[in-house]
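Let me begin by presenting the structure, written as structure tokens, before commenting on it.
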Amino acid sequence: MYIYGTAIQKAADEGAPERVLSMGLGLGYVEILATAIAAKAGRPVAGESFEIVPELRHYFEAWLARRDDVPRDFATTYDSILTRTAEAIRVDAHDVRDSLAKAVASGAWQIRAEMTPETTFSAPFGCICFDAFSSKTTPDLWTEDFLNQFLQKTASPQCVLSTYACTGTLKRALKSQGFDVKIREGFSSKRDSTFASRISF
Ligand SMILES: C[S@@+](CC[C@H](N)C(=O)[O-])C[C@H]1O[C@@H](n2cnc3c(N)ncnc32)[C@H](O)[C@@H]1O
């Protein structure tokens with residue numbers, strides 16, 4: 001809510017394109033949150049998620065489609081994330097799940113596999129939730145070169161990017177792509193986090 005909810009809400013409030021990029025899917029917190037915020041505003045959700053671990057993609061899609069091939073621990077966790085998010089945003093949990101399921105089934109929200117420097121995108125995004133572990137565990141995703149190219153390919157002229165991370169390479173890449181960069185208080189063990197926007201270009 002603090003790192004990604006504020007970014008999704010600001011992008012919507014500022015009239016940035018509705019498409020949200022989630023890097024990476026993990027347990028789907030960002031996807032569920034983006035859908036809840038869109039549902040509250042009475043609009044459909046759209047975006048793309050990336051996830052390198054096949055099981056995380058398959059279980060989430062199976063849970064959304066209400067199939068029974070989801071391990072119990074995962075189903076319980078997805079249910080809990082959905083309930084808590086819907087409560088916080090004050091929307092109906094069933095509506096959120098149905099809306100995201102519909103978006104995934106129709107391709108309005110795509111769940112894609114590994115993101116690499118070669119990944120291409122069909123359209124830019126108004127909000128980027130960059131939740132890609134850290135420069136220690138996934139160093140390729142945090143180099144200044146990768147981040148510059150990534151932002152050139154993904155960020156629409158009106159765009160908000162938020163991440164719990166706060167590295168020098170990230171701040172330099174954001175500034176060189178025309179973002180205003182704010183350092184916010186961090187979350188859990190992190191001292192600082194990054195909130196950047198390129199709203200009026
Ligand atoms: C911090 S977790 C994301 C948590 C997630 N936002 C959630 O709601 O649970 C980072 C995720 O990025 C995935 N990941 C790491 N490198 C990746 C890559 N190159 N492409 C796609 N996914 C990647 C990991 O498998 C992991 O699930």
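What you see is a predicted model; the values in this text were computed from it and never measured. These numbers come from the heavy atoms of this one structure, side chains and all, not from hydrogens, waters or symmetry mates.
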Pairs satisfying salt bridge (Lys or Arg N to Asp or Glu O under 4.0 Å), at least one member in [range], at least two apart:
{"range": "residues 114-131", "answer": "none"}
{"range": "residues 152-164", "answer": "none"}
{"range": "residues 73-83", "answer": "Asp79-Arg97"}

What pair of heavy atoms forms the shortest contact from [X] to [Y], and how long is it?
{"X": "Ala62", "Y": "Val70", "value": "CB-CG2, 3.6 Å"}
{"X": "Pro139", "Y": "Lys136", "value": "CD-O, 3.7 Å"}
{"X": "Ala155", "Y": "Pro124", "value": "C-CB, 4.0 Å"}
{"X": "Ala38", "Y": "Pro44", "value": "CB-O, 4.0 Å"}
{"X": "Ala11", "Y": "Gly126", "value": "CB-O, 3.5 Å"}

Test item: [X] and [Y] side chains (from C-beta on) under 4.5 Å apart, heavy atoms:
{"X": "Phe50", "Y": "Thr119", "value": "yes"}
{"X": "Val96", "Y": "Thr85", "value": "no"}
{"X": "Thr6", "Y": "Arg184", "value": "yes"}
{"X": "Phe150", "Y": "Pro117", "value": "no"}

Output yes when a side-chain donor or acceptor of [X] lies under 3.5 Å from a complementary backbone atom of [Y], and no otherwise.
{"X": "Tyr4", "Y": "Ile128", "value": "no"}
{"X": "Ser193", "Y": "Glu185", "value": "yes"}
{"X": "Arg198", "Y": "Leu174", "value": "no"}

Residues which pass side chain to side chain donor-acceptor pair (under 3.5 Å) with [X], listed by chain and number, not counting sequence neighbours:
{"X": "Asp98", "result": "Arg66"}
{"X": "Lys10", "result": "Glu14"}
{"X": "Asp69", "result": "Arg67"}
{"X": "Gln149", "result": "none"}

side-chain contact (heavy atoms from CB on, under 4.5 Å) with Asp192: which residues, sequence neighbours excluded?
-> Cys166, Ile183
Go through the structure and list residues passing ring-ring contact (aromatic ring centres under 6.0 Å, His included) with Phe74, not counting sequence neighbours.
-> Tyr59
By ring-ring contact (aromatic ring centres under 6.0 Å, His included) - contacts of Phe60 (at least two apart) |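 Scan of Phe60 (ring-ring contact (aromatic ring centres under 6.0 Å, His included), adjacent residues dropped) gives Trp63, Tyr78.
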Return the [atom1] to [atom2] distance between [X] and [Y], rounded to the nearest 0.5 Å.
{"X": "Glu18", "Y": "Ile8", "atom1": "CD", "atom2": "CD1", "answer": "12.5 Å"}
{"X": "Glu61", "Y": "Leu25", "atom1": "CD", "atom2": "CG", "answer": "8.5 Å"}
{"X": "Thr77", "Y": "Arg72", "atom1": "OG1", "atom2": "CZ", "answer": "12.0 Å"}
{"X": "Leu21", "Y": "Phe125", "atom1": "CG", "atom2": "CZ", "answer": "4.0 Å"}
{"X": "Asp180", "Y": "Ile199", "atom1": "CG", "atom2": "CD1", "answer": "9.5 Å"}
{"X": "Phe195", "Y": "Ser197", "atom1": "CZ", "atom2": "OG", "answer": "6.5 Å"}

Given the rule in the side chain to side chain contact (heavy atoms under 4.5 Å, CB included) test, do Tyr29 and Ser22 qualify, once you have shown the distances and angles that lead to the verdict?
-> CA-CA 10 Å; Tyr29 280 89; Ser22 167; over 6 Å; no
Please list, one pair per line, the donor and acceptor atoms closer than 3.5 Å that link side chains of residues 141-148 to other protein atoms, with sequence neighbours excluded.
{"residue": "Trp142", "atom": "NE1", "partner": "Ala132", "partner atom": "O", "Å": "3.4"}
{"residue": "Trp142", "atom": "NE1", "partner": "Ser134", "partner atom": "O", "Å": "3.4"}
{"residue": "Trp142", "atom": "NE1", "partner": "Thr138", "partner atom": "OG1", "Å": "3.4"}
{"residue": "Thr143", "atom": "OG1", "partner": "Phe146", "partner atom": "N", "Å": "3.1"}
{"residue": "Glu144", "atom": "OE1", "partner": "Arg172", "partner atom": "NE", "Å": "2.9"}
{"residue": "Glu144", "atom": "OE1", "partner": "Arg172", "partner atom": "NH2", "Å": "3.4"}
{"residue": "Asn148", "atom": "OD1", "partner": "Ser176", "partner atom": "OG", "Å": "2.9"}
{"residue": "Asn148", "atom": "OD1", "partner": "Gln177", "partner atom": "NE2", "Å": "2.7"}
{"residue": "Asn148", "atom": "ND2", "partner": "Glu144", "partner atom": "O", "Å": "3.2"}

Check Thr163, Ile3, Thr154 against Phe130 for a side chain to side chain contact (heavy atoms under 4.5 Å, CB included) and give me the one that passes.
->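 Result: among Thr163, Ile3, Thr154, Thr163 is the only option passing the side chain to side chain contact (heavy atoms under 4.5 Å, CB included) with Phe130.
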Are more than 12 heavy atoms from other residues, nucleotides or ligands located less than 6.0 Å from atom OH of Tyr2?
->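 Buried by this count: over 12 neighbours within 6.0 Å.
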Using the side-chain hydrogen bond (donor to acceptor under 3.5 Å, both in side chains) rule, collect all pairs that involve residues 32-54, keeping only residues at least two apart or in two chains.
->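 For residues 32-54: Arg19-Glu48, Glu31-Ser49, Glu48-Arg112, Ser49-Trp109.
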Return yes if a side-chain donor-acceptor contact under 3.5 Å exists between Arg84 and Ser80, otherwise no.
-> yes
